[in-house]
Each structure stands twice: as C-alpha cells, then as structure tokens.
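What follows is a short report on a single structure.
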Amino acid sequence: MRQKRKEKFFRFYLPLALFLIFLLFPFYWMFATTFKSDMELYNLKLNPFLIHHWSLLNLKHLFFQTPFLRWLANTFFVAITSTIISLSASLLAAYGIQRIRFKGSSLMGIGIFFCYLVPPTILFIPLATMVFKLRIWDSLWALSLIYPTFLIPFCTWLLMGYFNSIPKELEECAMMDGASRLWIFWRVIVPLSLPGILSAGIFAFTLSWNEYLYALTFISTSLKKTVSVGLVTELVRGDVYHWGPLMAGALFGSVPVALVYSFFVEYYVAGMTGALKE
Amino acid sequence: MAEVLLEHVGKKFGKVVAVDDFNLTIYHDEFMVFVGPSGCGKTTTLRMIAGLEEITSGDIAIEGRRVNNVPPKDRDIAMVFQNYALYPHMTVYQNMAFGLKLKKVAQQEIDKRVRQTAEMLGILGLLKRKPKELSGGQRQRVALGRAIVRIPKVYLFDEPLSNLDAKLRVQMRLELKKLHKKMGTTSIYVTHDQIEAMTMGDRIAVMKDGRIQQVGEPLQIYMHPINRFVASFIGSPTMNFLDVHVVKKGEGYHVESKGFSLPVPEEKKRAIAPYEGKEVILGVRPEDLSEGGENRGAGTLKAHVEVVQPVGNQIYVDVKVGAHNLLAAVPPQSLVKTMEEMALNPRLDNLHYFDPKSELAIA
C-alpha cells in the first residue's frame, strides 16, 4: 500500500507539480511585479520572488496614464467580431465539406488547411494592400476582417472533425421526416455540435485576443490599439521598459482569456475529443 | 395499394458495382426481408428505396409512382436505422413528434398519435426521458415509435435488431411481427441474420454480390434452394457439401464417394441422368442426418464421431464419413460419444444436388 502511494507520488504528483510550477511561474512573476514599487523591483539585495512592500503605483500608471481600458475594449471588440465572423463561415464551410460531399469537397478541405499553414509574416504584405483599398486602415474593422483569414481555416478543420462524429443517420432520418438541409443544420447539427462550436469559438477568441503582428501593422493611433500592441508600444519607450505597468497590463490582459477557458472547460474538452454521446 | 416496384435497379460507387439488375415487386402489406452477407448490397438497395442513395440505373416505383428523382421526404416512407438515430438532444416525445411537426400536423393530433403509439409500444412512461437515459431495447422501441407515428406507406428497417442482445432480439422479433400483422403496412427489412429472415419474412430475397439469388417464402427457399450459395446461407447449422460421383446402378442412379453410396430418389432421376459418370455436389442439411442405430443398409453412412457439441434442443455431431467431414444434428437423447462409430441415415428425399460448375441446383 505504502509502496503504491510512493510510486504514485513519483510517477504522478511530482511531475504534475513540476509542470504546474513551470506553467504558473510566469503568472506569479507578473502578479509579483505588478504589486512591487520600482524601488523594490530594482533592488538586487531583496528576494525577487517575494513582495516586501505592496504598492498600487503600477496599476495607477496603467489605468490612468495609458488608455489601457480603451485597449481592453478594442481587444474585446476585435476578438468578438472576428470570432463571430469566423464561426459563422466555418460552420457552413465545415458542414458543406463534411456532409454535402460535392465534387472537390475533400480538395477544398485540404485547400483550407493549406491556408492555415501560410505564415502571417508573408500574408500581411498583400493584406496591407487590401486594407488600404478597402479604406479600413487604422480601423478596428481591419483586424476584425483580417483575423478570420487564419481563424476560419482553423475553426473549419476543428468543426469538420466534430461533424464527422455525428452519425449521418440522424440527418438522414430528419431528411425522411421532411426536414430541409438548412432546418437539419439549425435544429440537429448545431445543437449537437455545441461543444465543438464552443471550443472553436474559444480558440478563435484566444487567438484574436493575443494576435500581435497584424495589430501592430494595421493600427497606428494609440486609442485604437489592442492590449498586446498597446502595452509594448506605449510602455516600452526606446530602451526603457516600464516593467511594473507592463506586467500589470499583461496580468489584466490575460484575465478575460482565463475566465473564458474556466467557464467552458468541459465543453472545450468534449469539443476537442469530438465526443458525442446519445 | 403501397406496392414497391424495383425494375433493373443498379448502383455503382465509382467502378464498384454495389447492386446489379435488381428486379423485385414487394406487394401491398407484405413483409419482405432482404438477407445476405455483409457487402451484398441489401442496405444499398434499401437506401435507394428510401431515396438516400441515388440509383445508377433502373426504376423504383412506390404505389405506382416512379420515385427515382423524388426526394426522401416526398416518398412517404419511414425508416428504422441500425443505430436507432434518435436525436440525443430531444426527449422521447420530441423525437416521436419530430416528423409530425415538420408535416405541420395540429398539436392536438400530434399529442394523440404520439401517446397512442407510445402506449402500443409500452413506452408511455418514457416520453419525458432523453435517449441517453434509455436502455438498448427502449431506444429500439422509440425508434420504432418514431416510424410508426407517421403512418407512412412503407416501412424500411435497416438491421434494427442487430445492436440488441440475443434474448431481447428474439422478443423484439416477435413484437415486430405482431406489429406488422396489426398495422399491415408494406415493410422491407434488411438483415444478415438468416434466422431473423426466416422467422419474420412473408417472403425473403437472398442476395449476394449485389444480385438477387432467390426470392420466395422462407420454407420454400429452405426446402428448394436455387443454388449452392442459398443452400449454404439459409439454414442453421449450415448445409454439408460433398463432392460425389453419379453412377448408374440397375434402373436407378447412386451418388458415391469414398466410404458411401446413396441412391438418388425416383423423382430426381431424370434431372441427375445427364450427370452419369460425372461429379456433382451433394448437399445434406445437418438436421436431415438421423442417427441410424445398427441398421446399415443402403443409404446408411458409417461415421466416425470427432466432436460432440450439445446445444440443448439438439446435439451437433462432427463426424468423418470416408474423406468427408460432416455435421449432423441429432436429438438430445442421443448417446453418441466422441471417437466412437455411429450410423447416419440421410433423408434421401431431402438431399440436394448442385452442378459443380454453375453451382445451380439440379432439380
């Protein structure tokens, strides 16, 4: 019995603990830096892992000397609009490719996957031309419309896998009962795919929330920036890093994503494993 | 009259022929069973009747109307699927009412029909449950109920009992048969289980490689299989086949092989005559081999018992007769023992002869 417990400790709990420390340490560092004063932060004699004197100065700097709340709102707007656009397109695309099986459907599936493989560093040059021509340069809509270029391929592939796990007979049965394709899609496929749709949505939301390159390229006005770009461009001045507010921004910037994950974790797991239970 | 007519129906998947020149009329109120091994095209044929699969050639007509290009919803048929295909996110009631709602039937009428059907199937108490809260048998009943409640012209069943355990399968078989007698709607049932086919079908269509081999009433097919395949597929345990020689003895013929010589019955004499001096395949059903005691006259086989398998109502005995391995089904009272000798008397009138090349029955 004791031997078994010991074995479990070494094979399970110890690796798990190390892994957790590795994963959570950056968050702790952000937290600790946020609540330290600059004096304490740069004092090499003090233990850097502990907070000796709690300070709210960094938060004050972040919230009152930068438009952080505006950046946060911008990021929300971009993440939500691009997620909605991507999910709507991906749902229809994945259903069409997976279920309607038109000529060239599998080729289209592979084509969409290849789109995902094109690096954004290559794509942003032609995209810049398009953004100029659409006259949405330096507008949040530029990001809302560009993010789906990488979100749609990803969500489509995820949903294709999920749709594949729904028995075809459910649709055939509905078809014989007199339901149209669209009706089946809304009343049978979408309700059954909720876990898949949610996990695709979470992914899309997170990817757009954290996106940096396009946001840096297409937005220049400070008030229109997203969190990821705003923090770096406004709190790193030349070679001066305002570590305190930077870390505070990073901490508050990651809270919404963490909340989204924790709320939907069950759906997320089910969505990733494509588990449909009758 | 909901008669289903299939004329020269064919289906190809690319270059693979799934169903080839399928001709069959399923009469009004008939319970027709398509039976055959996996991949014989029986489910594809059913799906073509349902409209879920396009047909490559030929015509399908339901109640005299050609339906080749009619979508499934306009064919007025209901299908019960192998995996039940119940909507997991809907309750039993919603599952059953689904088709009626789509047809825009009045809510009161829907409620009446769902409750009547549920009562008939003994699932009235389950109407508020979701499929995941039901047992296999209950799900099966709900799937049936969903089909029945629509009162279609034709019912299609795609191996609906294959996911149930053996005991429940027998029970549901009986209930389905009773239900059909009560409602009398044309039904087409697909199965790979020949016992299911025999017990349920008014007629059976035995299929192999996309083609119908034989159509007929269950006992007619059992007694007079048209070829070796049908003879081997219908009947359990399966028929014994032996390569034998036809020899003329006096006025009659005998089929002979190493270790035995059996007289050919008078009524088969004419058919077997052209095979004199040639080989034929002799078919003997295990249940047509009776234990012969000490009587070792003409038509008795001297057998060496190799394995004895009691199954309750019968004993299956694996024996060696000359160079041939045979299976005999003897009554449970038999005292037959492994490694002993026994005498077997085939019922000569029930023997089957097949042409070795075409494998067609010689009759």
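Within every chain, numbering begins at 1; the chains are lettered A, B, ... in the order of the sequence lines, protein sequences first and strands thereafter. These numbers come from a predicted model, not from an experiment.
In the displayed structure, B/Glu54 atom CD is contacted under 6.0 Å by at most 12 heavy atoms of other residues, nucleotides or ligands. Atom CZ of A/Phe114 sits in a sparse spot, with 12 or fewer heavy atoms from other residues, nucleotides or ligands closer than 6.0 Å. With a 6.0 Å radius and a threshold of 12 heavy atoms from other residues, nucleotides or ligands, A/Phe263 has its CZ atom at or below the threshold. Counting non-hydrogen atoms of neighbouring residues, nucleotides and ligands closer than 6.0 angstrom, the CE atom of A/Met108 reaches no more than 12 such neighbours. No more than 12 heavy atoms of other residues, nucleotides or ligands sit less than 6.0 Å from atom NZ of A/Lys168. No more than 12 heavy atoms of other residues, nucleotides or ligands lie within 6.0 Å of CZ in A/Phe27, so this atom counts as exposed by the packing criterion.
Across all non-hydrogen atoms, the minimal contact from A/Pro167 to B/Asn83 is CB-ND2, 3.8 Å. Residues A/Leu170 and B/Tyr87 approach most closely at O-CE2, 3.4 Å, considering heavy atoms. What you find for B/His89 and A/Pro191 is that their closest heavy atoms are CD2-CB, 3.6 Å. Of all non-hydrogen atoms in A/Gly178 and B/Leu102, the two that sit nearest each other are C-CD1, 4.0 Å. Taking all atoms of both residues into account, the shortest heavy-atom contact from A/Met176 to B/Ala78 is CE-C, 4.3 Å.
The side chain to side chain donor-acceptor pair (under 3.5 Å) contacts involving residues 142-151 of chain A comprise A/Thr81-A/Ser144, A/Tyr147-A/Glu211, where partners must be two or more places apart or lie in separate chains.
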Derivation of the side chain to side chain contact (heavy atoms under 4.5 Å, CB included) call for B/Met79 and A/Glu172: CA-CA 9 Å; B/Met79 187 157 164; A/Glu172 291 177 342; 5.9 Å; no
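Looking at B/Phe81, only its side chain comes within 4.5 Å of chain A, counting heavy atoms on both sides. Only the side chain of B/Arg146 comes within contact range of chain A, judged by heavy atoms closer than 4.5 Å. For B/Ile77, the parts lying near chain A are the backbone and the side chain together; criterion is any non-hydrogen pair under 4.5 Å.
Interface remark: of the candidates B/Gly99, B/Ala147, B/Pro71, B/Gly99 forms the most heavy-atom pairs closer than 4.5 Å to chain A.
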